[in-house]
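First the structure, in the form of structure tokens, and then the observations on it.
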Amino acid sequence: MLKRMTRLVSGARQLDPGRLLHGGPQAPQSLAAHPDNQVPDGSPRAVSCTSEGDPARHGEQHEARHYCIPLQDLRTTFPHGLPPRFGMQVRTFNEACLMVRRPALELLRYLKNTNFAHPAVRYVLYGEKGTGKTLSLCHVIHFCAKQDWLILHIPDAHLWVKNCRDLLQSTYNKQRFDQPVEASSWLKNFKTANERFLSQIKVQEKYVWNKRESTEKGRPLGEVVEQGLTRVRNATDAVGIVLKELKSQSRLGAFRLLVAVDGVNALWGRTTLKREDKSPVAPEELALVHSVRKMVRNDWHGGAIVLTLSQTGSLFKPRKAYLPQELLGKEGFDALDPFIPILVSNYSPKEFESCIQYYLENSWLQHEKEAPRVTNSREESPHINRLTLERVLLYSDVSTWLGDIPWEILSCKSSALAQYFKKGRSEVAPTSSESGSSGSSAAEAAAALH
Amino acid sequence: MTHRFRTLRSLFLISRSGTPRAAFLGSSWPAKMAAPVGKAARGWSVLALGLRSVVPRLPGLTQVRWSRYGPEYKDPQIDKEYYRKPLAELTEEEKYEQELRKIQLIKAAPAAKTSSVFEDPVISKFTNMMMKGGNKVLARSLMTQTLEAVKRKQFEKYHAASAQEQATIERNPYTIFHQALKNCEPVIGLVPILRGGHFYQVPVPLPDRRRRFLAMKWMITECREKKHRRMLMPEKLSHELLEAFHNQGPVVKKKQDMHKMAEANRALAHYRWW
């Protein structure tokens with residue numbers, strides 16, 4: 001944990017000083033000044049949340065605000081589950097609030113203006129660890145689900161190239177390997193997410209599973225999925241068939257297809273799987289990986305491909321690597337070339353404000369401490385993103401490890417915190433008083449050091 | 001670095017209070033012996049090897065844990081408020097003390113103590129007791145994960161409860177932790193006393209530090225031993241803390257058993273002579 005925290009200390013980016021304030025009212029105004037649709041300005045959640053639940057209507061005015069996804073939508077749109085820490089937060093706060101951020105807004109704009117006659121464009125979200133690539137992908141998936149696209153979501157491609165118990169030799173192609181467990185769980189989630197399309201799409205070829213079972217031409221795709229679920233041995237082949245059919249039929253225009261893969265660099269990396277004779281398995285020898293690679297090629301039209309690179313969970317890649325060239329390698333980069341790279345960066349001060357405000361509103365900051373005034377004297381921006389902020393606030397005594405950390409938070413000049421402390425605890429949260437977990441300790445550290 | 005320097009210095013000073021022993025190692029420093037400082041002037045008896053105060057060689061009095069600091073080293077003042085007080089508010093004694101601290105020798109502050117607002121001696125002590133093999137990083141991370149788990153469980157309970165119950169649910173993990181440990185502290189303990197060839201368990205009032213230690217020890221032992229092999233420590237510990245907070249659970253039961261045994265043996269109380 002110490003090492004993880006030292007990431008915050010390295011580097012310094014200059015923030016525009018105009019944004020930074022001494023606890024004045026300006027920053028909340030910058031959030032609240034934009035016309036919000038339905039929430040009245042007086043309510044406490046006007047600053048960090050917006051009531052605009054439809055991602056199609058998200059625009060610049062919603063930037064840095066949280067919007068809520070209804071919980072029943074979560075089960076249908078994200079049957080695989082969300083990233084684990086976000087899932088924990090959803091369970092804790094009883095609501096799923098995603099922050100609307102610039103990379104996601106950019107992506108949504110591109111998707112709204114897609115020309116479905118052209119080949120599918122590949123968008124690659126890349127960025128350092130914990131900056132929000134997966135959640136931006138979730139935002140985009142929610143948008144497409146609302147727009148009634150067919151969603152092909154692979155939550156983590158890294159899970160397919162490591163820790164696989166049973167590898168069967170594929171019946172379709174002797175050189176490749178099947179992964180029944182992963183394939184069947186993916187099919188189950190695919191079915192939950194796209195129930196309504198499975199009866200509409202018809203299979204265009206006859207598929208023979210074994211001596212007794214076969215799927216005739218013209219049967220709904222749901223039958224293929226059922227076959228994969230009931231006969232786990234054929235699950236991988238079922239996945240391959242589903243992908244092939246969707247790819248060939250997307251040009252007909254009956255539906256729009258979104259291919260969303262998280263951790264796409266797993267498809268071109270190395271695996272930790274071994275054959276019985278302990279020789280390593282290359283990723284192209286896995287049937288699942290092979291079919292997804294074909295899916296991610298831009299030789300079809302009628303949809304879009306949104307990909308995410310991820311170093312967390314990747315195999316044999318250095319910890320600091322985040323650029324597409326580093327994570328994909330030559331092979332992967334050439335396969336994905338040309339693509340549109342979208343950088344997802346750390347929190348801007350406005351987003352940081354919003355995040356802190358969100359935590360304050362949910363009374364997540366519970367530590368009882370007197371609130372000193374928030375002083376600020378440094379202008380270097382810390383590298384704050386949701387991951388580090390969450391850890392800092394959860395562990396809230398991180399300053400006992402490194403005096404620098406609350407410094408970093410402090411230097412963001414959180415006016416939300418300053419406002420809060422100026423007002424005093426009683427006005428905002430009567431039962432649970434809390435300290436600025438970071439802000440006050442930072443203030444202490446600041447005062448002590450000078 | 002300061003610590004090493006200080007220990008070098010302390011070679012030339014007397015070691016512990018009361019033991020008039022020379023604090024020099026070996027005969028390789030004969031030239032420096034010319035400057036005895038402080039209590040060394042009391043006179044030393046010269047040991048051939050110059051060991052640092054192990055005599056008198058009685059088995060019960062062998063020093064096991066000893067500090068490289070001499071008695072004139074004062075503990076560091078960690079509290080920031082002490083230094084923040086404006087001069088006008090200080091009493092005469094406090095002013096004198098502050099002046100004195102500028103001249104006195106002060107020990108180096110331990111790495112685990114900070115002047116943060118979140119510094120909690122109870123939590124630090126508990127973390128140290130959970131630590132195995134000096135792996136403070138692991139112990140610390142387990143502690144923070146436990147507090148996080150406690151907080152999340154309480155939040156889930158809060159959201160599931162009705163409006164009246166919400167006021168009663170405590171969500172601050174630190175108050176829960178402190179209250180749980182307070183609930184586990186025994187008031188009276190048992191001590192084996194030898195009388196007539198037999199050891200009797202005699203009920204004895206426990207000092208505060210022993211009670212706190214026992215509470216933490218029981219909590220940690222319970223969580224280490226009585227859990228499923230695959231269950232992780234934060235999960236189990238958070239569960240036990242929440243139960244102890246509500247005065248239920250095995251640790252509180254152990255405290256109550258201790259009280260019952262003490263009550264049962266109260267006839268032996270006169271065996272205690274202190």
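Reminder, nothing fancy here: chain letters follow the sequence lines and each chain counts from 1. Quick caveat: nothing in here was measured; it's all calculated off a predicted structure.
Around atom NZ of K217(B), no more than 12 heavy atoms belonging to other residues, nucleotides or ligands sit under 6.0 Å away. Atom NE2 of H239(B) is surrounded by 12 or fewer heavy atoms from other residues, nucleotides or ligands within 6.0 Å. The number of heavy atoms from other shown groups lying within 6.0 Å of NZ (K253(B)) does not exceed 12. Within a 6.0 Å sphere centred on NZ of K125(B), heavy atoms belonging to other residues, nucleotides or ligands number 12 at most. Residue Y82(B) places its OH atom among more than 12 non-hydrogen atoms of other residues, nucleotides or ligands, all under 6.0 Å distant.
Interatomic distance, Y158(B) OH to N94(A) CG, rounded to the nearest 0.5 Å: 12.0 Å. Here Q154(B) contributes atom CD and T92(A) contributes atom OG1; the two are 12.0 Å apart, rounded to the nearest 0.5 Å.
Heavy atoms only, all atoms of each residue included: Q366(A) and F155(B) are closest at NE2-CZ, 4.0 Å. In this structure, E148(B) and M88(A) approach most closely via the heavy-atom pair OE2-CE, 3.9 Å.
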>> Could you go through R171(B) and W364(A), starting from their C-alpha distance and side-chain angles, then the distance that decides it, and tell me whether this counts as side-chain contact (heavy atoms from CB on, under 4.5 Å)?
In response: CA-CA 9 Å; R171(B) 285 183 289 175; W364(A) 180 240; over 6 Å; no
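With a 4.5 Å cut-off on side-chain heavy atoms, R91(A) and E156(B) count as touching.
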